[in-house]
Amino acid sequence: MAALNALNAIVSARPSGSSAHRQASYAFLTALQPGQQLRARVQAGFSNGEFSVALDTPDMAENPLMHMKLPTGTRPGDALNLIFVSRHPRPAFMLMTGTSSPTAISVPLSETGRFISGLLGHSAFPNSRATLSGTIPLLSAPPADGVQLARNLAGALGFSGLFYESHQAQWVAGSRPLGDLLLEPQAPLSGLRPRLADTNAQASGSNTPGMRRDIATDGHAPVHPDALALVRQQLDVFETRQISWQGLAWPGQPIEWEVAEEKRSAPAESDEPDESDQAQAAWQTRLNLALPNLGQISASLRLDAHGVEVRLIAEEPVTAFMLRAGAAPLVSGLESAGIKLLGIGVDLDEEDGAK
């Protein structure tokens with residue numbers, strides 16, 4: 001088997017095959033218990049990075065088929081060792097590497113699977129888009145241009161703690177300074193720096209006492225109690241590919257920012273992807289803010305390998321006119337940055353116009 005580059009990664013899955021086969025697979029998944037170990041074999045790979053995987057179930061006439069997004073280097077015929085983690089909001093498995101049989105998996109890893117399942121199903125964490133909040137303004141005053149605001153928005157997301165583990169790997173590889181890690185919420189929990197009373201872009205709800213008592217009172221939880229809510233948000237982002245940030249752009253100026261990976265529609269009768277019709281991954285982002293002189297504005301961008309589409313929505317007709325008049329500098333700025341503009345539109349808020 002090829003060496004996989006994601007040790008003990010959590011992978012989400014969905015049943016595939018014919019309608020009858022998918023129903024049987026769902027029934028099989030319903031009977032699984034968190035921490036249960038499974039063997040599987042990769043059947044085929046697709047151009048979007050997903051693989052068809054057959055679970056080893058001797059008691060069934062047909063092995064359940066699942067679609068999983070597996071690490072780079074996976075090949076058809078590879079054997080996988082899996083631990084069932086959770087069935088909500090989508091079936092999830094822990095992918096084990098470096099072992100040739102289920103018996104080689106240690107008991108603590110099964111405990112980790114049960115812990116993650118409990119965390120995912122805890123009532124304190126609704127199955128919704130991960131929402132981050134910042135209490136410190138990104139800028140001290142309105143900017144002359146959007147460059148610094150864009151940088152600080154990126155920092156608010158980058159230092160939120162959602163990507164802490166990948167940043168650790170970058171630090172080990174020498175591509176990220178230790179100072180960056182010290183700015184993230186997990187740093188005081190590991191003793192790297194003193195605990196801060198507040199951090200910019202701190203994940204909201206990370207100190208829920210009841211949740212800490214319910215999930216981590218036995219002292220064996222693999223996650224620091226104060227990081228439970230943040231870990232739940234990390235799992236949400238991994239599953240939904242959606243993030244929302246709310247805070248202040250500058251004093252007195254609220255701002256909402258959303259980022260989401262565009263979902264691909266699946267065929268009606270089969271979950272098998274059509275390799276000839278696979279679209280490039282696309283991301284959507286939207287900023288919502290109410291400006292003193294321009295009123296409510298929403299800016300939406302769709303970005304893929306071909307370029308970017310921009311749509312601006314304003315509540316006031318005068319604001320829409322001003323945005324259209326200022327579209328030329330935006331087009332020029334994108335072109336100078338090497339970004340191809342696929343389309344731009346400025347619209348008047350239909351709901352506002354109907355009032």
Side-chain angles (χ1 to χ4, degrees), residues 129-171 173-187 192-193 196 198-204 230 233-234 237 241-261 281-294 297-305 307-312 323 326-341 344:
R129 180 180 306 175
T131 301
L132 307 174
S133 61
T135 58
I136 301 175
L138 299 176
L139 300 171
S140 59
D145 58 49
V147 175
Q148 191 58 49
L149 178 60
R151 289 174 180 170
N152 289 7
L153 275 172
L157 192 58
F159 295 126
S160 66
L162 288 178
F163 313 101
Y164 186 67
E165 287 74 19
S166 63
H167 292 171
Q168 283 183 316
Q170 293 171 2
W171 169 56
S175 59
R176 178 177 289 270
L178 177 61
D180 281 2
L181 292 179
L182 300 182
L183 296 175
E184 302 195 39
Q186 291 91 332
L192 289 177
R193 63 173 170 83
L196 296 180
D198 187 23
T199 58
N200 191 28
Q202 180 179 4
S204 60
L230 185 54
Q233 288 180 323
Q234 288 179 305
V237 172
R241 298 295 198 270
Q242 299 179 13
I243 305 173
S244 177
W245 186 89
Q246 299 175 353
L248 296 174
W250 52 85
Q253 179 57 65
I255 185 173
E256 296 179 0
W257 180 32
E258 300 174 1
V259 181
E261 184 178 15
W283 290 85
Q284 296 183 356
T285 183
R286 181 172 63 183
L287 280 176
N288 297 315
L289 67 166
L291 298 171
N293 297 325
L294 299 179
I297 294 178
S298 175
S300 300
L301 284 78
R302 182 186 182 276
L303 179 68
D304 61 20
V308 63
E309 299 176 15
V310 180
R311 187 186 182 204
L312 304 173
L323 292 175
L330 174 62
V331 174
S332 177
L334 289 173
E335 290 179 350
S336 63
I339 302 174
K340 183 178 180 180
L341 182 63
I344 184 170

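Quantities reported herein were computed from a predicted structural model and do not represent experimental measurements.
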*With a 4.5 Å heavy-atom cut-off, do Val259 and Arg241 have their side chains touching?*
no
*What are the two closest heavy atoms between Gln186 and Gly161, and how far apart are they?*
NE2-O, 2.8 Å
*Would you mind reporting whether Leu139 and Gln148 have side-chain heavy atoms less than 4.5 Å apart?*
yes
_Less than 4.5 Å apart, side chain to side chain, heavy atoms only: is that true for Pro143 and Trp250?_
yes
*Taking side chain as C-beta onward, heavy atoms only, is Leu248 less than 4.5 Å from Leu138?*
no
*Do you know the tightest heavy-atom contact between Gln242 and Val237?*
O-CG2, 3.8 Å
*Does the side chain of Pro254 reach to within under 4.5 Å of the side chain of Gln246, using non-hydrogen atoms?*
no
*Minimal non-hydrogen separation, Ala290 against Gln253, with atom names*: O-NE2, 3.0 Å
*Can you name the nearest heavy-atom pair linking Pro251 to Ser140, along with the distance?*
CD-O, 3.5 Å
*Looking only at heavy atoms, which two atoms of Glu184 and Phe163 are closest? And how far apart?*
OE1-C, 4.4 Å
*Any side-chain heavy-atom pair from Ile255 and Trp245 closer than 4.5 angstrom?*
yes
*Without swapping roles, check the side chain of Gln233 against the backbone of Leu162 for a donor-acceptor pair under 3.5 Å.*
no
_Looking at Leu301, is its backbone amide N or carbonyl O close enough to the side chain of Thr285 to form a donor-acceptor pair, meaning the two atoms are under 3.5 Å apart?_
no
*Are more than 12 heavy atoms from other residues, nucleotides or ligands located less than 6.0 Å from atom CZ of Arg311?*
no
*Glu165: partners by side-chain contact (heavy atoms from CB on, under 4.5 Å), with sequence neighbours left out*: Gln168, Gln234
_Just verifying a value: how many Å separate Asp180 CG and Phe159 CZ, rounded to the nearest 0.5 Å?_
4.0 Å
*Derivation of the side chain to side chain contact (heavy atoms under 4.5 Å, CB included) call for Ser300 and Gln284*: CA-CA 7 Å; Ser300 300; Gln284 296 183 356; over 6 Å; no
_Using a 3.5 Å distance criterion without hydrogens, assess whether the side chain of Ser160 forms a donor-acceptor pair with backbone atoms of Leu157._
yes
*Going from CG on Leu303 to NZ on Lys340, what distance comes out if it is rounded to the nearest 0.5 angstrom?*
13.0 Å
_Separation of Leu287 CG from Leu289 CG (nearest 0.5 Å)_ = 7.0 Å
*For Arg286 and Ser298, which heavy atoms make the closest approach, and how far apart are they?*
CD-OG, 3.4 Å
*CD1-CG distance between Ile344 and Leu312, expressed to the nearest 0.5 angstrom*: 6.0 Å
